[in-house]
Every structure is written in C-alpha cells, then in structure tokens.
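Note sheet for the following structure.
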There are 2 protein chains.
Amino acid sequence: MDDKPANGRSGWKQNPAGVQKNILAVAMTEFAANGLSGARMDEIAAKTNTSKRMIYYYFGDKVGLYGRVLEEAYRQVRTGEQELELDHLSPVEALKLLAEFTFDHHSRHPDFIRIVMIENIHQGVYLEQSELIRLLNAGAIQKLEAICRRGREAGIFRDDVAPIELHWHISAMSFFNVSNRATFSRIFGNELFGAEGQNSLKNHLVEMIVALALKPDRRSRR
Amino acid sequence: MDDKPANGRSGWKQNPAGVQKNILAVAMTEFAANGLSGARMDEIAAKTNTSKRMIYYYFGDKVGLYGRVLEEAYRQVRTGEQELELDHLSPVEALKLLAEFTFDHHSRHPDFIRIVMIENIHQGVYLEQSELIRLLNAGAIQKLEAICRRGREAGIFRDDVAPIELHWHISAMSFFNVSNRATFSRIFGNELFGAEGQNSLKNHLVEMIVALALKPDRRSRR
DNA sequence: TAGCAAATTAACCGTTTCGTACAAAGTTGT
DNA sequence: ACAACTTTGTACGAAACGGTTAATTTGCTA
C-alpha cells in the first residue's frame with residue numbers, strides 16, 4: 001500500500017523560530033479564550049503544527065508558556081502604539097489623536113485585552129516577573145508626557161492633571177469598551193457596540209479628555 | 001481519652017439556609033480569586049463549615065455553584081446601589097453624587113468586580129442564563145434616566161448624550177479602577193491608588209461626567 | 001411514636017491533565 | 001565527519017479533580 005518508511009519523519013526543515021512563533025500564536029488564542037487554568041496543553045498542542053513535546057522543549061511548562069504569551073501580547077500592542085506620530089501636531093490635536101488611536105487600537109486587539117484581564121485575575125504576579133514588559137511599558141507614557149509638557153509650556157493645559165492620570169482615564173474607557181462588552185451588551189443591549197455607538201463613545205471620550213486637560217478658560221463652548 | 005462514638009456523626013443541627021449561605025460566601029471568594037476553572041471544589045469545601053457533598057447536594061455541580069455565586073454577587077451590589085437617594089437633589093448634584101457613589105461602591109466590592117471580569121472572560125454565557133440578574137439590572141439604569149429627564153426638562157442637559165452612555169462612562173472608570181489595579185500599579189507605580197490619588201481620580205471623573213452631560217453654555221469655568 | 005423526607009457525613013471512583021520517559025532520526029554549522 | 005541542536009511519535013505515570021455511592025442523623029407530622 002504505502003512504501004514510505006514506517007515513520008513519516010523524512011523531509012522536514014528545521015525552523016525553531018517558526019515553531020515557537022506558531023506555538024505562541026496558538027497559545028495566546030487559547031489562554032485568551034480560557035484563562036491560565038482553563039487552557040489545556042493538549043488542546044494547544046493539537047492546534048499547532050507541531051507536537052506537545054516541542055512546547056515543553058521550548059517553554060518548559062505551562063506557566064513558562066503563559067509568561068511568554070503575556071510578553072508577546074504586550075510586545076505586539078506596544079509596538080503598534082509606537083508607530084503613532086504626534087510631534088508635528090498641536091498639543092490639543094495630539095491629545096485627541098492619541099485618545100482616538102488608543103480607543104481603536106484596544107478595539108483591534110481583543111486578545112491582548114483578555115490576556116491583561118486574566119493577568120489581573122492573577123494579581124499581576126507573572127507580569128511582575130518579566131523584565132521585558134517593564135521595559136516595553138516604560139515608553140508607553142512618554143508620548144503623553146511630551147504632549148502635556150508642550151501644552152503647559154503653551155499655557156493652555158492645567159497644572160493639576162498629571163500625564164499618568166490622563167493615561168489612566170484614556171485606558172479605562174478604551175479597555176472597558178472591550179473587556180466588559182459581553183456582560184454590558186447582554187444587560188443593556190447592543191446599541192453602544194455598533195458603528196454609530198462606538199463612534200459616539202469615542203467622540204465623548206476625546207471630548208472629556210481634552211476638557212480635562214485644558215485650562216477652564218481655554219475650553220471652547222462649541 | 002474521648003468517649004464520643006466511633007463516628008463523629010452525632011450532635012449536629014440542620015441548617016439548610018445557613019449552610020448554603022456559608023458555601024456561597026466561600027465559593028465567591030474562591031471563584032473571585034481563581035476563576036471558574038482555577039477554583040477547586042475540594043478547596044472550597046475545605047474552607048466551608050460543611051462538606052463537599054453538601055455543595056453538590058445544594059448546587060448540583062461546579063457550574064451550578066458558579067451561577068449562583070454570580071447571581072449573589074450582582075444581588076449584593078445592586079441592593080447596595082438602591083439605597084442611594086437622589087430625588088431631592090438637583091440634576092447636577094444628583095449626577096455628581098451618583099458618579100462618586102459608583103466609584104466608591106465599586107471600590108468597596110472588589111470580589112464583585114473580579115466575578116464580573118471572570119464572567120466576561122466566559123463571554124457572559126452564565127449571566128445570560130440568569131433571569132434574576134436581568135431583573136436586577138433592569139433597575140440599575142433607572143436612576144440615571146430620571147436624572148437625565150429632569151436635567152433636560154430644566155434645559156441644562158444636552159440632548160445628544162443618552163443615559164446609557166453616561167452609565168457606560170461612569171462604569172468604565174469605576175470598574176477599571178479596581179479591575180486593572182494589579183497590572184496598572186505594577187507598571188506605573190502606586191501613586192494613583194493611595195488616598196490622594198483615588199480622590200483625584202474620583203474628582204476628575206465627576207468633573208468629566210458633569211461636563212459631558214451639561215450643555216456647553218451651562219458649564220462653569222471655575 | 002412510627003414513619004419518612006430532608007440534611008449531613010465519610011469514604012470512594014473514574015477521568016482528566018500536566019508533564020515525562022524513551023527511542024529514534026533528520027539538520028546544520030564547523 | 002562530528003557534535004549539538006531540532007523534530008517526531010507514542011505511551012505512560014502520578015497527582016489533581018470533579019463528581020458519586022452508601023449509610024446515618026435530624027426533625028416534621030400523621
């Protein structure tokens with residue numbers, strides 16, 4: 001019937017980077033969908049192009065794999081953020097664009113949101129163990145610091161609103177929009193999650209953030 | 001040494017309601033801490049005053065227990081919310097108080113927040129199965145609807161901001177403040193989570209919400 | 001007070017699940 | 001050619017884990 005050797009092992013290429021990338025991609029989906037405890041190593045293995053043995057070969061154990069997935073999730077979104085160019089805009093326009101971008105960016109990366117939710121359930125203990133994530137996040141707030149500095153130098157931004165607070169507010173609304181969509185929509189309906197609803201929320205977010213940053217006498221009453 | 005009969009089965013009282021309450025309380029803590037998959041039935045049983053068998057006797061299986069915990073969590077916070085009395089206040093003052101209250105209320109109920117996070121990880125499928133939760137939540141937005149109606153009738157609130165949107169914004173910031181505290185503080189430090197930081201966030205939330213609800217020409221420039 | 005359903009206890013069971021052992025072989029750089 | 005690294009495949013062990021069986025006590029009520 002078949003004349004290939006008893007084992008089907010001939011004719012493969014070595015590709016460590018590709019194998020790891022494939023495992024990480026599958027694992028991220030599985031962890032995002034089921035959590036750390038809920039994800040199944042056998043299930044992850046089955047969905048990769050490789051075998052369970054290779055997961056343990058490269059990542060040690062389940063927690064090791066989860067840690068790498070966490071790093072990879074942060075790496076992906078932070079990298080995407082860095083491409084945003086704001087220096088050529090006025091402080092207000094830059095702030096608007098940053099808020100809008102963050103809202104959309106989070107919306108485009110639901111798996112990242114879910115991984116962060118899961119990590120928060122675990123009190124952030126795995127995040128803390130990662131040097132890489134601390135480095136990645138160090139730069140996450142620099143754009144906002146630059147905007148605030150410019151806004152203050154121009155005399156139009158308040159002094160008593162810190163960049164970290166603006167970041168907190170922007171993150172809260174952008175994150176919640178994805179993280180709590182399931183329960184919110186099941187309780188209150190879907191109207192906020194269609195195209196118009198999302199646009200309205202985003203516009204309000206921008207409006208609120210700008211109003212918060214500006215000195216009262218600089219706020220337009222448009 | 002001891003003269004009790006060989007089995008320790010004598011001398012107990014029947015207390016169905018108390019036993020169930022005890023199980024639910026323990027289970028809520030465990031599910032909040034470890035998630036649905038992460039929580040262990042043996043661990044829950046060990047921390048109750050009763051036995052594992054009783055859990056299955058009253059709640060059927062793990063998912064049944066989780067569903068009841070979910071209901072109980074919603075019941076507790078929604079009941080607390082209902083005690084807030086707003087009708088005697090002006091629309092603006094009522095809105096301020098509601099926002100402040102929500103911020104503090106969420107802060108006081110971290111286990112509820114965590115249960116809702118977990119339920120969102122599971123896409124809200126268990127929430128959907130609960131008639132009770134739908135009933136509880138139906139009233140959750142009525143206070144805001146009343147405030148908005150009064151504000152519009154007085155001519156000071158905008159027409160293009162719906163109650164549900166205000167609710168969304170208030171919830172987002174109040175929820176995120178608890179849900180993402182672990183990762184946020186590990187990345188950016190603890191400064192926002194001390195007494196002063198929390199107060200500042202809360203004040204900004206109130207400020208932003210009021211500004212969003214009011215017509216532009218009604219916003220003070222204080 | 002006998003009977004019976006509800007409540008409770010303790011020990012047990014079968015499956016799932018993580019991780020490993022074992023055996024073998026192809027690939028790649030030096 | 002050689003050695004280290006990478007990949008395949010299967011089977012399996014030990015512990016964890018969800019759930020059950022069987023027997024006993026309590027308390028209501030006829």
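All chains are named by letter (A, B, ...) in the order of the sequence lines, taking the proteins before the strands, and each is independently numbered beginning at 1.
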Near DNA chain D, under 4.0 Å by heavy atom, which residues of residues 57-64 of chain A?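 Output list: A:Tyr57, A:Tyr58.
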Roughly, in whole Å, what's the span from [atom1] in [X] to [atom2] in [N]?
X: A:Leu65; N: C:dT17; atom1: CG; atom2: P; answer: 16 Å
X: A:Ile55; N: D:dG9; atom1: CD1; atom2: P; answer: 14 Å
X: B:Tyr56; N: D:dC17; atom1: OH; atom2: P; answer: 12 Å
X: B:Glu30; N: D:dC17; atom1: CD; atom2: P; answer: 12 Å

Let me have the donor-acceptor pairs involving side chains of residues 62-71 of chain B, under 3.5 Å, with sequence neighbours excluded, atom names and distances please.
from    : atom 1 : to       : atom 2 : distance (Å)
B:Lys62 : NZ     : B:Leu36  : O      : 2.9
B:Lys62 : NZ     : B:Ser37  : O      : 3.4
B:Lys62 : NZ     : B:Ala39  : O      : 2.9
B:Tyr66 : OH     : B:Glu119 : OE1    : 2.6
B:Glu71 : OE2    : B:Ser130 : OG     : 2.7

One thing to verify: whether A:Glu30 and A:Lys47 come together as a salt bridge, which I'm taking to mean a side-chain N less than 4.0 angstrom from a carboxylate O. yes
Of the non-hydrogen atoms in [X] and [Y], which two are nearest, and what is the gap between them?
X: B:Ile118; Y: B:Gly35; value: CD1-CA, 3.6 Å
X: A:Leu86; Y: A:Ala94; value: CD2-O, 3.8 Å
X: B:Ser185; Y: B:Asn190; value: CB-OD1, 3.4 Å
X: A:His106; Y: A:Ser174; value: CB-O, 3.7 Å
X: B:Gln198; Y: B:Ser107; value: OE1-OG, 4.2 Å

Please give me every residue in residues 32-45 of chain B whose heavy atoms get under 4.0 Å of an atom in DNA chain C, ordered by residue number.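 None - not one residue of the stretch has a heavy atom sitting under 4.0 Å from the strand.
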Using the side chain to side chain contact (heavy atoms under 4.5 Å, CB included) rule, take A:Met173 and A:Leu201 through it: C-alpha gap first, then chi angles, then the decisive distance, then the call. CA-CA 9 Å; A:Met173 292 185 265; A:Leu201 289 176; over 6 Å; no
Hey, does the side chain of B:Thr50 come within less than 4.0 Å of C:dT9's phosphate (OP1/OP2), counting only N and O?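 For B:Thr50, the contact criterion (side-chain N or O under 4.0 Å from OP1 or OP2 of C:dT9) is met.
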Are there any protein N/O atoms within less than 3.5 Å of an N/O atom in nucleotides 10-15 of chain D, and if so, which ones and at what distance?
none

Please list, chain by chain and in numerical order, all residues satisfying salt bridge (charged side-chain N to carboxylate O under 4.0 Å, His left out) with B:Glu191, sequence neighbours excluded. none
Step by step, work out the ring-ring contact (aromatic ring centres under 6.0 Å, His included) result for A:Phe176 and B:Phe175. CA-CA 8 Å; A:Phe176 182 88; B:Phe175 194 97; 5.8 Å; yes
According to ring pair (Phe, Tyr, Trp, His ring centres under 6.0 Å), who are the partners of B:His167, at least two apart in sequence or on a separate chain? A:Phe184, A:Phe188
